[in-house]
Amino acid sequence: MPRRRLALLAALTLLAALAFMLVAPQGNWSFLLGFRGERLAALALVGASVGVATVLFQTVAGNRILTPSIMGFDALYGLFQTGLVFLLGGVGYAALDARLKFLIETAAMVAAAVMLLTLLLGRGRTDLHRMLLVGVILGTFFRSLAGMLQRLMDPNEFAVVQGASFATFSRVRGELLMVAALLALVALWLAWRQRHALDVVALGRSVSIGLGIDHDRLCQLALVVVAVLVSASTALVGPVAFFGLIVASLAHVVMRTPRHAHLLPAAAMIGATILIAGQTVFERALGLQATLSVVIEFAGGLLFLFLLLRGRPA
Amino acid sequence: MRLTAKAGLAAGLLLALALVSVQVGVGDFDPAGVLTDPGAQLLLFVSRLPRTAAVLLTGASLAVAGVIMQVIARNRFAEPTTAGTAQGAALGLLAVTLLAPAAPLFMRMGAASVTALATTAVFLVIVRRLPPTQPLLVPLVGIVYGGVLGAGETFVAYQHDLIQYLGTWMNGEFSGVVAGRYELLWLSGAAAIIAYAAADRFTIASLGKDASLGLGLSYGTVVALGLVIVSIITALVVVTVGMIPFVGLVVPNLVSRMMGDNLRRTLPWVAFAGATLVLACDIVGRLARYPYEIPVGTVFGVLGSGLFLWLLLRAPRHAT
Amino acid sequence: MIEIDGVSYGYGTTPVLRDVSLSLPKGGVTALIGPNGAGKSTLLSLMGRLLPLQSGRVRFDGLDVARTPSETLALKLAVLRQETVLGTRLTVEDLVAFGRYPHCRGRPGEADRQAVAAAIEQFELGSLAGRFLDELSGGQRQRAFVAMTFAQATDYLLLDEPLNNLDITFARSLMRRLRSLADEHGRTIVVVLHDINYAAAWADRIVALKDGALVVEGEPEAVFRPDVLAAIYGVPIEVTRHQGRLAALYHWE
């Protein structure tokens with residue numbers, strides 16, 4: 001049965017992609033194919049990255065409410081971006097190759113994320129609400145700090161970073177697509193290779209050690225993968241707070257299995273489908289430009305409340 | 001005696017900060033010229049004094065609103081921005097701006113108070129259903145609830161090109177304060193004084209419904225009064241200068257840590273600490289990138305969330 | 001054979017175990033007893049490499065726990081901790097199947113499926129196999145977890161207070177199953193027990209700890225003496241026999 005559902009999801013993703021490419025064509029076809037093709041690839045990459053990152057993160061954290069962005073991950077990326085502008089100055093930042101910047105930011109992200117989360121997960125697995133609240137406030141802290149740094153800059157330099165703080169699915173930063181895709185694909189492949197071991201990690205630390213898994217090392221690997229995926233998606237479109245939560249919850253509901261061999265591809269395809277189909281609807285049918293992220297935020301927030309209030313999330 | 005000494009010290013600190021605040025600004029201000037120079041008088045009475053007064057009133061009343069919110073939500077981590085109150089006020093303002101753009105100030109103010117009251121009441125209903133053994137669930141639910149409200153507002157504002165308005169309501173800034181544009185804040189100061197008059201009732205209400213009933217207090221009435229006070233203070237601040245998150249959270253927690261929770265004794269200190277902290281942040285915001293200004297909401301965002309994290313991580317596990 | 005040499009352990013500056021040395025022969029059921037805070041669970045966790053050793057050595061049939069790769073150890077010994085609540089929603093059958101992970105690394109073959117079926121049968125979980133764990137009672141969940149460790153098919157089985165939350169019926173039937181695992185399947189079982197009467201009734205050997213140190217070890221007959229028990233628990237305990245079986249009485253002065 002899971003196989004049939006995966007096939008169905010694949011068909012849906014394909015359908016959404018076709019709709020995105022073909023609905024309401026403007027201009028000549030070769031330009032359109034190139035232009036839309038690049039955005040399609042970016043949307044698919046972001047959707048898949050966020051979906052897989054969230055499933056992985058929830059497995060490591062041992063519950064279904066935590067997500068990387070709720071724990072302040074993408075706010076952290078924003079802080080690093082701003083920090084880099086602050087250090088280099090607007091001109092220096094602009095002179096630096098976009099891909100190199102992305103790599104620097106990703107490396108900082110991986111280091112910080114692993115440190116932060118090892119700390120948080122290490123002390124807090126038993127106290128979910130404290131951990132959640134710390135994450136939410138950390139996000140605010142990183143955002144405020146980035147905001148403060150931005151204000152300390154020259155107003156001209158400020159403009160350089162301001163574009164990065166809002167999620168926009170209509171303006172994708174194409175120059176980063178290749179390098180982000182490369183990194184994300186490596187990360188996705190690493191996660192896929194560990195799919196069976198991840199099934200065991202989901203059972204908790206002592207059970208997985210008992211079954212001969214190097215639990216702590218695997219968790220760190222998973223967190224590195226998560227950090228890379230979040231960096232890639234945030235670099236391409238900006239922060240998307242509750243999107244991961246929606247995708248991971250849907251993946252669990254649709255697949256109804258604890259197997260990562262099924263969950264990971266399902267999350268990737270669901271994430272890609274939502275973004276591609278949503279963007280098609282909002283941009284072409286409704287004529288609304290950058291509001292998909294707001295709608296996702298709204299729906300995701302409601303879902304989060306529902307999950308919390310349904311009781312006993314741990 | 002020690003209390004008077006402390007109070008004197010506090011008053012001195014506040015006065016010193018206020019004097020600094022009056023001094024700091026883009027225009028040159030010569031204190032010696034106040035008596036003779038009409039230009040200096042104008043600057044003082046139109047810009048510097050109103051701004052300082054606005055900062056003090058905002059800081060003090062927001063901190064008091066935080067305490068009251070914590071009493072009626074029966075949770076240490078509740079405050080107007082973690083209970084949907086500020087977002088509710090913005091909702092009312094957005095509605096008035098869309099439906100009756102020409103509405104006078106007091107009507108905008110009234111609409112903001114009513115919606116703030118409504119969204120906070122909904123929050124309290126949700127909170128009553130949460131298990132009392134999970135104190136941290138309350139702010140978490142409140143933050144997301146506020147986020148959902150905020151996303152809805154952003155969606156509507158985006159369609160009507162009002163995003164910038166939303167930004168000024170939710171991120172407090174005093175640079176626009178001049179005489180004639182802040183006086184509503186005196187009302188929020190008055191609301192804080194009403195809260196002080198009822199301080200004993202709020203202290204009893206914080207002990208819980210049963211304890212209140214046992215002492216012959218109408219719990220529902222006190223909660224309703226608290227709800228009105230919090231909503232009015234929040235709405236006034238949002239309308240005039242914009243919300244400053246975390247003031248109502250951090251200040252009461254710090255004061256409670258040092259002096260306990262008898263509001264009759266602590267409420268003046270809460271108001272004082274709120275005023276001082278916000279004024280300090282405003283001065284920092286004015287000086288850090290002189291002659292540009294950093295909004296006080298941003299400065300306090302860093303300080304407040306930092307302090308909140310510290311509170312969270314060092315609080316003993318079973319603190320509520 | 002399990003060899004424990006000079007094992008000490010501390011959390012921060014608080015010592016939990018002090019220089020414990022012990023050697024347990026292969027086969028049979030060994031009960032670890034002692035008052036709260038004696039270090040029973042810590043010792044079991046160290047044996048099962050759930051905690052890293054700070055000093056001393058633990059060996060199973062010559063395999064050093066600190067040096068042997070974790071996946072090799074998973075074929076030698078299975079550990080079951082107290083908590084049986086999971087973040088993930090699994091069916092009983094899924095859970096038991098995870099016991100085969102050390103053997104198949106996530107790609108179960110025919111032998112693995114048979115082992116899972118046997119474990120489900122052995123612990124009478126057939127009617128519950130498709131149910132989700134969070135829909136089961138504490139006792140049923142406990143049984144599912146024990147079945148998982150059984151499916152792991154290791155020579156050694158370490159269990160930390162498996163009788164917690166179990167009523168008399170379930171506690172008794174779990175002990176009987178452990179007994180039969182030792183007698184009929186030749187497994188070596190080490191189990192932390194709270195109730196000393198269970199230890200007397202079902203174990204071949206009793207190891208008593210107090211304040212992190214080994215107090216006494218031996219057959220139930222040797223440990224069940226009023227002076228020995230009183231020294232361990234610090235309260236007067238009367239030992240009696242009912243139809244040839246040992247029993248400790250401690251509710252009356």
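Lettering follows sequence order; numbering is per chain, from 1.
Both the backbone and the side chain of A/Ala197 come within less than 4.5 Å of a heavy atom in chain C.
Within 6.0 Å of the CD atom in C/Glu93, the count of heavy atoms belonging to other residues, nucleotides or ligands does not exceed 12.
In terms of heavy-atom pairs under 4.5 angstrom with chain C, the leader among A/Asp214, A/Ile213, A/Thr257 is A/Ile213.
Using a 4.5 Å cut-off between non-hydrogen atoms, the part of residues 24-59 of chain C that approaches chain A consists of C/Gly48, C/Arg49, C/Leu50. For residues 63-77 of chain C, the interface with chain A (any heavy-atom pair closer than 4.5 Å) comprises C/Ser70, C/Glu71, C/Ala74, C/Leu77, sorted by residue number.
Within the 4.5 Å cutoff, the side chain of A/Leu211 has no heavy atoms near those of the A/Ile209 side chain. You'll find the side chain of A/Phe243 reaches within 4.5 Å of the side chain of A/Ile274, heavy atoms only.
By the 4.0 Å N-to-carboxylate-O rule, C/Arg141 lies too far from C/Glu135 to be salt-bridged with it. Looking at C/Asp204 and C/Arg179, a side-chain N of the basic residue comes within less than 4.0 Å of a carboxylate O on the acidic one, giving a salt bridge.
Here CG of A/Leu250 is found 8.0 Å from CG of A/Leu303. Values are rounded to the nearest 0.5 Å. With rounding to the nearest 0.5 angstrom, the CZ atom of C/Phe98 is 5.0 Å from the CG atom of A/Leu203. Considering CG of C/Asp195 and CG of C/Leu163, their distance stands at 8.0 Å, rounded to 0.5 Å.
Screening residues 188-203 of chain A for salt bridge (Lys or Arg N to Asp or Glu O under 4.0 Å), with sequence neighbours left out, gives A/Asp199-A/Arg259. A ring-ring contact (aromatic ring centres under 6.0 Å, His included) check over residues 187-210 of chain A, counting only residues at least two apart or in different chains, returns nothing.
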